[in-house]
Amino acid sequence: ALRAVVDGPEGEAWISFHPSGKTVVFGRNTKDWKNHRVWVTRLIDGKWRPAEPASFTSDVEGTSARFSADGKSVLFSSSKPLPADLQVTPKDGKKDQNIWRVSWDGEKFGDPVPVMGINTAWAEIEAIEVANGTIYVSSTKSKELNPKNNVDIYQAVPKGDGTYTITVADAVNTDHTESTMYVAPDERLMLFHRANDPQGLGHDDIFVSYNRGGKWSAPVHLKGEVN
């Protein structure tokens, strides 16, 4: 079973399935929430193979790996140093955390390339790309307008020239922390985590928002056993 392959002695997070359902990437970390690495497992002949470290985080920490909707690449976040001509002074912490992309050909990953159209001097924590190429990214850039607002979710729509039109996902964001989002490939819904919301049951809870004519609806706290 997949759980037996993914579960380890310490911690796992950020699981993502390839559209084929036959490859999974996920994060592993030590119990003190350090030493983050991405791992990969594949379904071969009906069995999930033992997980292996992904090549693109073999020598550097990396988190929140997500397959793109077309399955041809993976986006992940890392404090891996940018090329010298792209480096900026970090505005949030000692290390600049950015989104990187690696290609996936069904057998192996390519070399990491920074997604500079969405990276800033703030920390870009997670990203997911939907079918039309729009990237949803969580970033501490929210602190520019409200120092108490740790993280918000942004929507980056490609212009076609390698740059993006970036806007904050207004209906989704509050003065609380919003991150760890999943967006359906056709953008019909978004699941995300919000911290310390009065509607919630504890520190972190999952909310859902629906795309209504291109606008995100007011988020709803999920009931039942989810939270």
Side-chain angles (χ1 to χ4, degrees), residues 13-16 18 23-30 33-40 52-145 150-169 177 179-181 183:
W14 297 295
I15 192 166
S16 177
H18 186 272
T23 304
V24 167
V25 290
F26 63 97
R28 275 186 175 163
N29 54 269
T30 52
W33 198 244
K34 295 180 180 179
N35 195 32
H36 293 273
R37 296 291 188 274
V38 177
W39 289 63
V40 58
E52 299 178 346
S55 59
F56 54 89
T57 60
S58 61
D59 60 348
V60 66
E61 286 201 6
T63 63
S64 58
R66 312 274 178 81
F67 276 109
S68 57
D70 63 10
K72 295 180 180 180
S73 65
V74 167
L75 295 179
F76 71 102
S77 180
S78 177
S79 56
K80 174 183 175 72
L82 292 172
D85 60 329
L86 298 177
Q87 290 181 10
V88 296
T89 301
K91 292 185 177 181
D92 191 21
K94 295 180 180 179
K95 294 183 179 180
D96 189 22
Q97 196 167 345
N98 293 293
I99 302 301
W100 296 71
R101 186 191 298 275
V102 290
S103 62
W104 170 249
D105 65 5
E107 295 290 336
K108 63 183 184 300
F109 294 106
D111 294 327
V113 177
V115 186
M116 290 314 299
I118 63 174
N119 288 322
T120 69
W122 296 89
E124 278 66 53
I125 302 169
E126 296 140 343
I128 184 168
E129 186 176 51
V130 297
N132 64 13
T134 295
I135 295 176
Y136 287 83
V137 56
S138 60
S139 172
T140 62
K141 185 180 178 181
S142 55
K143 293 180 180 179
E144 279 188 320
L145 298 178
N150 287 329
V151 185
D152 271 345
I153 297 172
Y154 294 80
Q155 183 175 349
V157 178
K159 295 181 180 180
D161 60 358
T163 63
Y164 295 82
T165 298
I166 301 177
T167 56
V168 65
T177 291
S179 63
T180 319
M181 60 284 172
V183 183

For R101 and I135: C-alpha separation, side-chain torsions, deciding distance, then whether side chain to side chain contact (heavy atoms under 4.5 Å, CB included) applies. CA-CA 12 Å; R101 186 191 298 275; I135 295 176; 4.0 Å; yes

Determine whether a donor-acceptor pair (N or O, by modelled atom type, separation under 3.5 Å) exists between the side chain of T23 and the backbone of H18. no

Using only atom types and a distance under 3.5 Å, with no angle test, would you say the side chain of S77 pairs donor to acceptor with the backbone of S64? no

Exercise: identify the closest heavy-atom pair between F56 and P112: CB-CG, 3.8 Å

Which pair of heavy atoms, one from I153 and one from V168, lies closest together, and at what distance? O-CG2, 3.7 Å

Go through W14 and H36 one step at a time and tell me if the side chain to side chain contact (heavy atoms under 4.5 Å, CB included) criterion holds. CA-CA 11 Å; W14 297 295; H36 293 273; 3.9 Å; yes

Tell me, do K141 and D152 make a side-chain contact under 4.5 Å, heavy atoms counted? no

With no hydrogens and no angle check, do the side chains of T180 and E126 hold a donor and an acceptor under 3.5 Å apart? yes

Would you say the side chain of N35 lies within less than 4.5 Å of the side chain of N29, judging by non-hydrogen atoms? no

Take Q155 and T134 through the test side chain to side chain contact (heavy atoms under 4.5 Å, CB included) and record every step on the way to the result. CA-CA 7 Å; Q155 183 175 349; T134 295; 3.8 Å; yes

Contact summary for I166 and G117, nearest pair of heavy atoms: CD1-O, 3.5 Å

W100 CH2 to S79 OG distance, which is reported to the nearest 0.5 Å: 10.0 Å

Could you measure the distance from the CG atom of D59 to the NZ atom of K80? Nearest 0.5 Å is fine. 5.5 Å

For W39 and P53, the nearest pair of non-hydrogen atoms, with its separation, is CE3-N, 3.6 Å

Under a 4.5 Å cut-off applied to non-hydrogen side-chain atoms, are Y154 and S142 in contact? yes

Value for CZ (R37) from OG1 (T30), rounded to nearest 0.5 Å, stands at 10.0 Å

From I99 CD1 over to I118 CD1, what is the distance, rounded to the nearest 0.5 angstrom? 5.5 Å

Just how far is it from atom CG of N119 to atom CG of L82, taken to the nearest 0.5 Å? 6.5 Å

Can you tell me how the ring of W104 sits relative to the ring of F109, calling it parallel under 30°, perpendicular over 60° and tilted otherwise? tilted

Which atom names give the shortest non-hydrogen contact between V40 and F26, and what distance separates them? N-CE2, 4.5 Å

NZ/K143: more than 12 non-hydrogen atoms of other groups inside 6.0 Å: yes

For S179 and S138, indicate whether the former's side chain and the latter's backbone hold a donor-acceptor pair under 3.5 Å. no

Counting only heavy atoms not in D161 (residues, nucleotides, ligands), do more than 12 fall under 6.0 Å from its CG? yes

At their closest point, which heavy atom of T63 faces which heavy atom of I125, and how far apart are they? OG1-O, 4.1 Å

E61 side, atom CD; S78 side, atom OG - distance, nearest 0.5 Å: 8.0 Å

With side chain to side chain contact (heavy atoms under 4.5 Å, CB included) as the test, would you mind laying out the steps for S103 and D105 before giving the verdict? CA-CA 7 Å; S103 62; D105 65 5; over 6 Å; no

